[in-house]
Amino acid sequence: MAKKSVHLPLELITEILLRLPVKTVLRCKRVCKSWLSLISHPDFGTSHFQLTAAEPTNRLVFLDNFFDVPEILSIDFDASLNDDSSYSSLLSLQFFQLRSICEIVGSCRGFLLLTCDKDFYIWNPSTGVIKYTPVSVSPITMASNDHIPCLLYGFGYDPSTDDYLVVLGSFKHTNDPADSSIDLAIFSFRANQWKQIQSASHFPYWIIDTCVYPGVGLLLNHVIHWLVYNYETSRYAIIAFDLKEMTMSEIALPDEFIFSVRNTSSIERDLLELGGLISAYHMKNYTIEIWVMQEYKVHSSWTKTLHFSFYPAPDFSPLCFTNCGDIVGTVRDGGLVKFNDKGELLERHSYGNCCFQRCQMVVYTESLLSLPSGTGQALDDSR
């Protein structure tokens, strides 16, 4: 008996593909030329991202500079840390030069912002799409005749213009807040150019650096946030830069949080995202305390959500939260650990030769998105 071939309408095929995971869709590109054309179209990537926005696939990325060519490890932190299938093997970033020192300084809608030899790369690890722009042509670096003392970074997306934006800041800090200043520049990927948007002669803040993300802002709701110390008020706070309005404002931290930070000489503190909400944490004496702002920019909505001891996990540094509300972070021996909201250690795992203590780390969302106007060069994605 001859086999009957079944021909599905293109509209139905499209609806099926739109509901598949990113990795599965990428494999489907090899089925035939028509599927390759369909999946490669920017509109398909946008529709797929919108459909999966409610339940995105997030992964944790580690960029390791130890090797001649920087390599990357990608981990599904919502799965079991002890499941070998939850992480991909080390991938080589061949578009960088040998012995380049690279850093991840942002993540947005599936794209990673990397710096390498003073240049920027926007890279989608899922599709291999990459865009390069030299930092040296920014208004900040062109106006500087010497070494820029301090830099802050931000990376985000403005839906009103369908544009990805890089924020680059240079701030001068002195002991006199009145003499502290900042210059900000924006790179638009749609316009493919830099623009200096703000120069403030009064900037009484010091950006709080961490060992993982020096000067890197947290993106949430199209606003970039940095944890700072205000020298005028002698208080820790958050400064927020709105990508649509191009304005900066200050968000006050809860008084109890500030009091805890002041009363210790050895402490780690930073910002995290928890379920689409901005949160601030600090750690001391093997104890972590996490506060969440339940309603954005409403000071009274700050709530202490987690407070537990992570002893005996040495040098625990929180990175992200799972969909179930567990917290994932690194420990001194180079492994990952996972705690529940009661502080109970759920899992602990090491990943071969990948030393997390020398890595840059970030959460990214798998996506099929393209850069505006089809810009960017797609690399050969053989993985």
Side-chain angles (χ1 to χ4, degrees), residues 55-63 73-83 86-87 104 107 208 210-213 216-221 225-227 236 238 253-254 256-257 260-261 264 266-294 296 301-351 354-357 359-366:
E55 297 181 359
T57 301
N58 294 319
R59 298 184 70 88
L60 191 60
V61 165
F62 299 84
L63 179 64
L73 178 65
S74 178
I75 298 173
D76 178 5
F77 55 84
D78 279 308
S80 171
L81 299 180
N82 294 309
D83 182 358
S86 68
Y87 68 96
I104 304 174
S107 174
I208 304 300
T210 66
C211 60
V212 178
Y213 291 119
V216 175
L218 173 69
L219 175 68
L220 189 65
N221 299 328
H225 306 81
W226 294 272
L227 183 64
Y236 287 90
I238 299 170
L253 289 165
E256 186 178 341
F257 179 92
S260 298
V261 172
T264 181
S266 178
I267 193 168
E268 180 180 341
R269 61 272 192 216
D270 204 354
L271 303 177
L272 290 172
E273 178 187 348
L274 175 57
L277 302 173
I278 193 167
S279 66
Y281 77 85
H282 70 81
M283 300 189 304
K284 60 179 180 180
N285 301 327
Y286 292 101
T287 299
I288 185 169
E289 184 176 292
I290 300 178
W291 290 74
V292 178
M293 180 176 273
Q294 304 290 345
Y296 189 62
S301 71
W302 279 110
T303 305
K304 187 191 294 186
T305 305
L306 292 174
H307 185 194
F308 64 85
S309 172
F310 51 85
Y311 184 82
D315 287 350
F316 171 68
S317 294
L319 295 172
C320 54
F321 295 91
T322 68
N323 291 331
C324 298
D326 300 327
I327 186 169
V328 177
T330 62
V331 287
R332 181 187 302 160
D333 65 1
L336 281 182
V337 294
K338 183 182 290 185
F339 291 94
N340 63 17
D341 57 2
K342 298 180 178 60
E344 298 170 335
L345 181 62
L346 302 177
E347 293 180 303
R348 182 170 180 166
H349 188 70
S350 296
Y351 294 84
C354 186
C355 179
F356 299 156
Q357 299 302 315
C359 290
Q360 289 83 47
M361 294 157 276
V362 74
V363 175
Y364 82 100
T365 301
E366 288 189 331

Indicate yes or no for a side-chain donor-acceptor contact from Ser317 to the backbone of Thr330 under 3.5 Å, with no hydrogens or angles considered.
no

Please report the closest heavy-atom contact between Lys338 and Thr322, naming both atoms and the distance.
CE-CG2, 4.1 Å

List the residues meeting side chain to side chain contact (heavy atoms under 4.5 Å, CB included) with Ser309, not counting sequence neighbours, and say none if there are none.
Tyr286, Thr287, Tyr311

Leu81 and side chain to side chain contact (heavy atoms under 4.5 Å, CB included): which partner among Asp76, Leu336, Leu346, Val337?
Leu336

Sequence-distant partners of Ile288, side chain to side chain contact (heavy atoms under 4.5 Å, CB included), two or more places apart:
Tyr281, Met283, Ile290, Phe308, Phe310, Phe316, Pro318, Ile327

Rounded to the nearest 0.5 Å, how far apart are CG of Leu253 and CH2 of Trp291?
10.0 Å

Applying side chain to side chain donor-acceptor pair (under 3.5 Å), name anything that partners Trp302, two or more places apart in sequence or on another chain.
none

Side chain of His225, backbone of Leu218: donor and acceptor closer than 3.5 Å?
yes

To the nearest 0.5 angstrom, please state how far the CG atom of Asp83 sits from the CD atom of Glu347.
9.0 Å

List the atom of Leu227, the atom of Arg269, and the distance in Å for their closest heavy-atom pair.
CD2-CG, 3.7 Å

Report the distance from atom OG1 of Thr305 to atom NE2 of His307, rounding to the nearest 0.5 Å.
12.5 Å

Taken to the nearest 0.5 Å, the spacing of Glu289 CD from His282 NE2 works out to 3.5 Å

Show the nearest heavy-atom pair for residues Ile238 and Leu271, with the distance to one decimal.
CD1-CD2, 3.8 Å

Would Val363 and Leu319 count as a side chain to side chain contact (heavy atoms under 4.5 Å, CB included) if you check the C-alpha gap in whole Å, the side-chain angles of each, and the deciding distance to 0.1 Å?
CA-CA 8 Å; Val363 175; Leu319 295 172; 5.8 Å; no

To the nearest 0.5 Å, atom CD of Gln294 lies from atom OG1 of Thr303 at 4.5 Å

Could you state the interatomic distance from CE (Met293) to CG (Leu277), rounded to the nearest 0.5 Å?
10.0 Å

I'd like to check Ile75 versus Phe62 (side-chain heavy atoms, cut-off strictly below 4.5 Å). Are they in contact?
yes

With Asn340, which residues qualify under side chain to side chain donor-acceptor pair (under 3.5 Å), at least two apart?
Glu344

The criterion is side chain to side chain donor-acceptor pair (under 3.5 Å); which residues satisfy it with Asp78, sequence neighbours excluded?
Asn323

For Val362 and Val216, what are the C-alpha separation, side-chain angles and deciding distance, and is it a side chain to side chain contact (heavy atoms under 4.5 Å, CB included)?
CA-CA 11 Å; Val362 74; Val216 175; over 6 Å; no

Asn58: which residues meet the side chain to side chain donor-acceptor pair (under 3.5 Å) condition with it, sequence neighbours left out?
Thr365

